[in-house]
Amino acid sequence: MADWKNLDELDSFKALGGVKRVSLREVMSGESGAERVRKYSVPMACGMAYNYAAKEVDDTVLEALVKLADEAQLQEKYKELYNGAVINTGENRLVLHQLCRGQLGDDVIADGVNKRDFYREQQQRIADFADKVHNGEITNEAGEKFTTVVQIGIGGSDLGPRALYIALENWARANGKLFMDAHFISNVDPDDATAVLKSVDVAHAIFILVSKSGTTLETLTNEAFVKNALTKEGFDPAKHMITCTSETSPLAKNGGYLDAFFMDDYIGGRYSSSSVVGGAVLSLAFGPEVFAEILDGAHEEDEAAKEADPLKNPDMLDALIGVYERNILGYPATAVLPYSQALSRFPAHLQQLDMESNGKSVNRFGKPVSYVTGPIIFGEPGTNGQHSFYQLLHQGKTIVPLQFIGFKKNQIGNDVEIQGSTSQQKLCANVAAQIVAFACGRENENLNKNFEGGRPSSIIIADQLTPKTLGALLAHYENKVMFQGFLWNVNSFDQEGVQLGKTLAKQVLAHDTEGALTEYSRLLNI
């Protein structure tokens, strides 16, 4: 059994604070920089690579990080997780999202069933359902094919699936894999649902209601909104809706839906894209085979995370360097910068994944910790971000570590050559330039034009954004967050921080308030 200790109780962490700091400007300049780029790179799944040459590490720092990984028993804790230990201590639950995409260790038996078999069964049910919709075996009341799918959910029921759909939409269209357009309703703001409903052909739309508990206020409110719209158009909502929920939910196995697909309490919302939460909408949109490719890529990266040597384990190494930056170097944030427009919503998904998982101030046993934990996550795709917040990243007083994501080829193959280079070459040139500019800077007597450099970054490089590489990216960040949670000794799989606001909102709606809450309710005309 692994020994769970706070980060500041580990001798290796104390020693890490005494390791000489690396001058990024020095090591990344000239031929030494070229040597680092060649040396500090780790293979990932699907032919990808994690390159950390522009991070503030050297062999001495890396040696200290390896000792930290060993003392913190990161690999042992990962093994306990995928073999079915109760890792979610706050809710006394197993953590099994990786089991949706493949077996990593022992059979996991819970609630009297083999959980891998359970997840596989649900995936097959979704695949069969999607095929019947695509083949016209399941239709609307007029016997016409459904052409659009709309997901109703919030948080993990929206961010991950939406990011994955947007990431592959143009790829699927170019490769004849776009069977149905997908839209998403998440915000309880009625303008969100109204805008989506006005943009789709309701008669030919199938709606997916996603709520594990079946009680999520925003989701049920939007369900009622959609049902009203369907009824007003003369359609039976029960013939236009399916649900993704738990078997014990009030949404399960009732006559109000075409079908119900099941998840369980062992998969948290922000980790649920591999489950029916992502499976239903992505299988309907792209076909079950594409969703299976996403899972294959994710499983391949999960296998890479089993590597015992931290310097050969891209997910663990990314996590270790991140903790070094957060707890030793004192950097408060991390920017995720994908140089692919298709990943425009991927940083938003990672915001929830990281900040909801590791934004904690108590350890997994409910005791306060004395060190900072999860960083602030933000990001936008390049090159748009370069013309937005990069000014602060380059010349601001706050240093923000950067995580670039780059692809050698574009998704669709369509490109144009202007002034001697293609658009994709221009995009990739900007990635390379930004990494070196952030690391090395440039001196100028005019301080307004002076760049101090010393801004650390890493880059994940892939040949092309495909379903498999997308799945591997998804798994990389899930595993990184998990390893960091192990290091900080926090429970990365609950989210009590979102509950208080929900509780107070219910009090406002019930007019059971006092003090400032009453006055704010009056200001907002509730």
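The chain is numbered in sequence order, starting from 1.
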How long is the straight-line distance from CD1 of Ile206 back to CZ of Phe146, given to the nearest 0.5 Å? 4.5 Å
Ion pair check, Asp463 and Lys409, cut-off under 4.0 Å: yes
Any donor-acceptor pair under 3.5 Å from Asn430 side chain to Lys426 backbone: yes
When you compare the side chain of Tyr271 with that of Leu353, does any pair of heavy atoms fall below 4.5 Å? yes
Taking every non-hydrogen atom, the tightest pair across Pro338 and Pro347: CD-CG, 3.9 Å
Within the structure provided, determine whether Pro314 and Glu301 are in side-chain contact (heavy-atom separation under 4.5 Å). yes
Shortest non-hydrogen contact from Gly297 toward Ala45: O-CB, 4.2 Å
Treating Asp131 as the side-chain partner and Asn135 as the backbone partner, does any N or O pair qualify as donor plus acceptor under 3.5 Å? no
Check: Val290 and Trp171 side chains under 4.5 Å, non-hydrogen atoms: yes
How long is the straight-line distance from CG of Leu251 back to CD1 of Ile242, given to the nearest 0.5 Å? 12.5 Å
In Å and rounded to the nearest 0.5 Å, what is the CD to CE distance from Gln464 to Met48? 12.5 Å
Does a salt bridge link Arg522 with Glu519, judged by any charged N lying under 4.0 Å from a carboxylate O? yes
Donor-acceptor under 3.5 Å (Thr148 side chain, Ala205 main chain): no
Report yes if some heavy atom in the side chain of Ser157 is under 4.5 Å from a heavy atom in the side chain of Thr219; otherwise report no. no
How far apart are the C-alpha atoms of Leu284 and Phe179, what are their side-chain angles, what is the distance that settles it, and do they pass the side chain to side chain contact (heavy atoms under 4.5 Å, CB included) test? CA-CA 7 Å; Leu284 284 166; Phe179 293 94; over 6 Å; no
Does any part of the side chain of Gln341, heavy atoms only, come nearer than 4.5 Å to the side chain of Pro381, both counted from C-beta? yes
Sub-4.5 Å side-chain heavy-atom contact between Ile126 and Val276: yes
For Thr469 and Thr466, which I'm curious about, is there any donor-acceptor pair between the side chains at under 3.5 Å? yes
Any donor-acceptor pair under 3.5 Å linking the side-chain atoms of Arg125 with those of Gln122? yes
Can you name the nearest heavy-atom pair linking Phe225 to Ala193, along with the distance? CD2-CB, 3.7 Å
Go through the side-chain N and O atoms of Ser274 and Tyr119 and say whether any donor and acceptor fall under 3.5 Å apart. no
Tell me whether Gln425 contacts the main-chain N or O of Thr422 through its side chain, where contact means a donor paired with an acceptor under 3.5 Å. yes
Is it true that Arg101 and Glu478 make a salt bridge, defined as a side-chain N closer than 4.0 Å to a carboxylate O? yes
Go through the steps for Thr373 and Asn358 under the test side-chain hydrogen bond (donor to acceptor under 3.5 Å, both in side chains), then give the verdict. CA-CA 6 Å; Thr373 55; Asn358 291 337; over 6 Å; no
I'd like to check the side-chain contact (heavy atoms from CB on, under 4.5 Å) partners of Ala167; sequence neighbours left out, ordered by chain and number. Leu343, Leu465, Leu470
Could you label the plane-to-plane angle of the Tyr165 and Phe286 rings as parallel, tilted or perpendicular, counting under 30° as parallel and over 60° as perpendicular? parallel
Taking all non-hydrogen atoms of both residues into account, name the closest pair between His476 and Asp318 and its distance. NE2-OD2, 2.8 Å
Begin with the C-alpha distance, continue with both residues' side-chain angles, and end with the deciding distance and a verdict on side chain to side chain contact (heavy atoms under 4.5 Å, CB included) for Lys502 and Leu217. CA-CA 9 Å; Lys502 290 182 178 181; Leu217 177 63; over 6 Å; no
Apply ring-ring contact (aromatic ring centres under 6.0 Å, His included) to Phe118 and list each qualifying residue two or more places apart in sequence or on a separate chain. none
Side chains of Asn222 and Glu218: any donor to acceptor distance under 3.5 Å? no
I'd like to check the side-chain contact (heavy atoms from CB on, under 4.5 Å) partners of Arg173; sequence neighbours left out, ordered by chain and number. Glu169, Asn170, Leu178, Asp181
Is the shortest side-chain heavy-atom distance between Glu121 and Phe262 below 4.5 Å? no
Tell me if a side-chain donor or acceptor on Asn175 pairs with a main-chain N or O of Lys177 at a distance below 3.5 Å. no
Roughly how far, to the nearest 0.5 Å, is CD of Glu289 from CD1 of Ile294? 12.0 Å
Donor-acceptor pair, Asn140 side chain versus Ala203 backbone, under 3.5 Å? yes
Show your working on side chain to side chain contact (heavy atoms under 4.5 Å, CB included) between Asp264 and Lys115 and close with a plain yes or no. CA-CA 10 Å; Asp264 57 35; Lys115 298 309 293 185; 2.9 Å; yes
Atom CG of Asn414: over 12 foreign heavy atoms under 6.0 Å: no
Backbone N/O of Ile377 and side chain of Asp354: donor-acceptor pair under 3.5 Å: no
Thr245 side chain vs Ser211 backbone, donor-acceptor pair below 3.5 Å: yes
Validation row: Phe346, Leu473 side chains within 4.5 angstrom (heavy atoms): yes
Given Asp111 and Tyr266, is the side chain to side chain contact (heavy atoms under 4.5 Å, CB included) satisfied, shown in steps? CA-CA 11 Å; Asp111 306 325; Tyr266 308 129; 3.1 Å; yes
side-chain contact (heavy atoms from CB on, under 4.5 Å) against Ala319, all qualifying residues, sequence neighbours excluded: Lys480, Phe483, Gln484
Reported NZ-to-SG distance for the pair Lys408 and Cys428, which is rounded to 0.5 angstrom: 9.5 Å
Would you call the rings of Tyr339 and Phe404 parallel, tilted or perpendicular, taking 30° and 60° as the class edges? tilted
Side-chain donor-acceptor pairs of residues 83-100 under 3.5 Å, sequence neighbours excluded:
{"from": "Asn83", "atom 1": "OD1", "to": "Asp106", "atom 2": "N", "distance (Å)": "2.7"}
{"from": "Asn83", "atom 1": "ND2", "to": "Lys79", "atom 2": "O", "distance (Å)": "3.2"}
{"from": "Asn88", "atom 1": "OD1", "to": "Gly90", "atom 2": "N", "distance (Å)": "3.4"}
{"from": "Asn88", "atom 1": "OD1", "to": "Glu91", "atom 2": "N", "distance (Å)": "3.1"}
{"from": "Asn88", "atom 1": "OD1", "to": "Asn491", "atom 2": "ND2", "distance (Å)": "2.8"}
{"from": "Asn88", "atom 1": "ND2", "to": "Glu91", "atom 2": "OE1", "distance (Å)": "2.7"}
{"from": "Asn88", "atom 1": "ND2", "to": "Phe493", "atom 2": "O", "distance (Å)": "3.1"}
{"from": "Thr89", "atom 1": "OG1", "to": "Arg364", "atom 2": "O", "distance (Å)": "2.6"}
{"from": "Glu91", "atom 1": "OE1", "to": "Arg93", "atom 2": "NH1", "distance (Å)": "3.4"}
{"from": "Gln98", "atom 1": "NE2", "to": "Tyr78", "atom 2": "OH", "distance (Å)": "3.3"}
{"from": "Gln98", "atom 1": "NE2", "to": "Asp302", "atom 2": "OD1", "distance (Å)": "3.4"}
{"from": "Gln98", "atom 1": "NE2", "to": "Asn479", "atom 2": "OD1", "distance (Å)": "2.8"}

State whether the number of non-hydrogen atoms from other residues, nucleotides or ligands found under 6.0 Å of Tyr520 atom OH is greater than 12. no
Could you tell me whether a side-chain N or O of Ser275 sits under 3.5 Å from a main-chain N or O of Ser272, the two making a donor and an acceptor? yes
Could you go through residues 507-514 and list every donor-acceptor pair under 3.5 Å that involves a side-chain atom there, pairing it with any protein atom two or more places apart or in another chain?
{"from": "Gln507", "atom 1": "NE2", "to": "Asp512", "atom 2": "O", "distance (Å)": "3.3"}
{"from": "Thr513", "atom 1": "OG1", "to": "Thr518", "atom 2": "OG1", "distance (Å)": "2.8"}

Working to the nearest 0.5 angstrom, can you tell me the gap between Phe407 CZ and Ile460 CD1? 8.5 Å
Where the side chain of Gln411 meets the backbone of Ala172, is there a donor-acceptor pair that is under 3.5 Å apart? no
